[in-house]
There are 2 protein chains.
Amino acid sequence: MKDHARINRETSMTESGTRERLLCVAGPIFAAHGYDRVTIRELCAAAEVNIASVGYHFGDKMGLYRAVIQCVREQRLRRFPDSDNERSDPEKRILLIIRNLLSRMISEDESDWEIQLLIREIQRPTQVFETMVHECFVPQFQLLIDTLEELSQEKLPKYRLDQFALSVVGQCTYYAMGSGMIRILIPEAEREDHFDIDSLSVHIAAVTLAATRGGQALEHDEAIRKHLSAPITTERKQSSFFESNA
Amino acid sequence: MKDHARINRETSMTESGTRERLLCVAGPIFAAHGYDRVTIRELCAAAEVNIASVGYHFGDKMGLYRAVIQCVREQRLRRFPDSDNERSDPEKRILLIIRNLLSRMISEDESDWEIQLLIREIQRPTQVFETMVHECFVPQFQLLIDTLEELSQEKLPKYRLDQFALSVVGQCTYYAMGSGMIRILIPEAEREDHFDIDSLSVHIAAVTLAATRGGQALEHDEAIRKHLSAPITTERKQSSFFESNA
DNA sequence: AACTATTTTAAACAATTGTTTAACTCGGTG
DNA sequence: CACCGAGTTAAACAATTGTTTAAAATAGTT
């Protein structure tokens, strides 16, 4: 019964069309509404195939979802083979990395459903998540760390580089994950003028450079640590970002 | 029919218990599994009330959810009235703000379901989202901006302060939203040693201070802008954070 | 053409969903 | 006591869900 589908998937001998149509249609829909809110009937209606097709070709609704994720991954790996911005000054490289990160996060294109899908995986990981991270995110993260290491004149311990790298990633991804909040916090006019990809990548790159350049960051680190002894724990539970203050 | 419930809710005359029990039980469950994956029967079974109770007291499943959100909000507003860390040097204040932000993000307590619930609202906003942001997040965001303004010696334009503030918020919230990825990217030993609330708040505060202190950030800004002319757009679509590079 | 394997189809499946109904209990008031 | 409104209950509601079935259609081979 389902063995047919398995053989079909592995050898990919047939080009019947229904499997591919289903695979192509499911991506944007899953990305738009999330796994739970998408029904098999909705997918099959969009793909103009029978309701039983997903069960036959993918065995399961989750099987279709996993196939979609894997398809996106392979397609991206094939489309973006290797970037070769190896030899240039680290300041420029870090700007490029940040810029690429942001252009993937801030959605403007129409084919953004791939990023939306991956972001959903990041926010609520499933079984596919771990392999996805290892294949796609870890290498880029390592590239970011290498650049940061080259950027800082002095030798930094690994955990320090990781912290800086996560600061970069955090700043960038927030514009995707917290876009709803940003839309409220920042007026639209200001957003359009100073929160485009160019302005933001320059800003984040500047922050990163200022933080990593020289030992001044560590110097501040020590200056701050003096404050960190007693008085903080007392106010620790008094206020929070989620609480009103006015 | 539902008028009873409405009157009951407004005047809060009766203390029947089922409404309150439902309200208390629903919070953690919604936070744990999300709105969609929670069934009315599951909630009523946990609260040991009849299935029709939610329809009677809240009119709707969504009504119960909105009541839970509002309950959390009011409870937090009541519990944290006003923090009075007004007069102290801005370096210490920014550290306190970051620290509070992080302690809310990195979940260690058992009563973290409130934050989890709010984070779910941030990620996938519903109707309750906007009022929630205006009541809770906007004031704290303003406090952050005020501190940043005091921190920078020179006068910065508003959009600049907003960018810095979002950098702070982004770095902090990433440890909550991207925790799944961090768990993979950073080894566990390193995470336990250098990614606790204390270390991270010092790190983020140091980054923020280094970025806002003096005009050096802007100086870098200009230095970077020179790079930003032509060559970027060419490599714009070549690689991405999601793509492998090795 | 006949047979086989593979794919598609319409229909029904069983389970679960949110919501509603109508009877019922209880407490207080005339 | 009778009455009434508020609250609770069990049952059923209609709708939708993912999944399966068994027959029909298609393609490929001898």
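Protein chains get the first letters and strands the later ones, always in sequence-line order, with residue 1 at the start of each. These numbers come from a predicted model, not from an experiment. Because only heavy atoms are used, hydrogens play no part in the values below, and waters and symmetry mates are left out as well, while side chains stay in.
- Closest to the A/D60 side chain, of the nucleotides D/dG18, C/dT8, C/dT19, is D/dG18.
- To the nearest angstrom, P of D/dT17 lies 13 Å from OH of A/Y35.
- The CZ-C1' distance, from B/R21 to D/dG7, rounds to 13 Å in whole Å.
- B/Y65 and B/E121 get closest at one heavy-atom pair: OH-OE2, 2.8 Å.
- Aromatic ring orientation, A/Y159 versus B/H194: parallel (interplanar angle below 30°, classes split at 30° and 60°).
- In this structure, B/H57 places its NE2 atom 15 Å from P of C/dT20, rounding to the nearest Å.
- Rounded to whole Å, the distance from CG on B/L64 to C1' on C/dT19 is 14 Å.
- For A/Y56 and C/dA5, the OH to P distance is 13 Å, given to the nearest whole Å.
- Taking atom CG of A/D36 as the reference point, atom P of C/dT16 lies 16 Å away to the nearest angstrom.
- To the nearest angstrom, P of D/dT20 lies 14 Å from NZ of A/K61.
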Pairs of donor and acceptor atoms involving the side chains of residues 176-189 of chain B, under 3.5 Å and at least two apart or interchain, shall be tabulated with distances.
from	atom 1	to	atom 2	distance (Å)
B/S179	OG	B/A176	O	3.4

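- Regarding B/F58, its CZ atom lies at a distance of 14 Å from the C1' atom of D/dG7, rounded to whole Å.
- A/F30 and A/Y35 have parallel rings, their planes meeting at less than 30° on a 0 to 90° scale where 60° marks the start of perpendicular.
- Of the residues in residues 38-52 of chain A, A/R41, A/N50, A/A52 come within less than 4.0 Å of DNA chain C through at least one heavy atom, sorted by number.
- Scanning for side chain to side chain donor-acceptor pair (under 3.5 Å) contacts around B/R41 gives an empty result, with sequence neighbours left out.
- In terms of the side chain to side chain donor-acceptor pair (under 3.5 Å) criterion, residue partners of A/Q123 (sequence neighbours excluded) are, by chain and number, B/R124.
- A donor-acceptor pair under 3.5 Å is absent between the side-chain atoms of A/R99 and the main chain of A/I94, judged by distance alone.
- Between the side chain of A/R120 and the main chain of A/A32, a donor-acceptor pair closer than 3.5 Å is present.
- Pairs passing the salt bridge (Lys or Arg N to Asp or Glu O under 4.0 Å) check and including a residue from residues 45-68 of chain A, sequence neighbours excluded, do not occur.
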### Dot-bracket encoding per residue of DNA chain C, Watson-Crick/G-U cut-off under 3.5 Å, | denoting interstrand
|||||||||||||.||.|||||||||||||

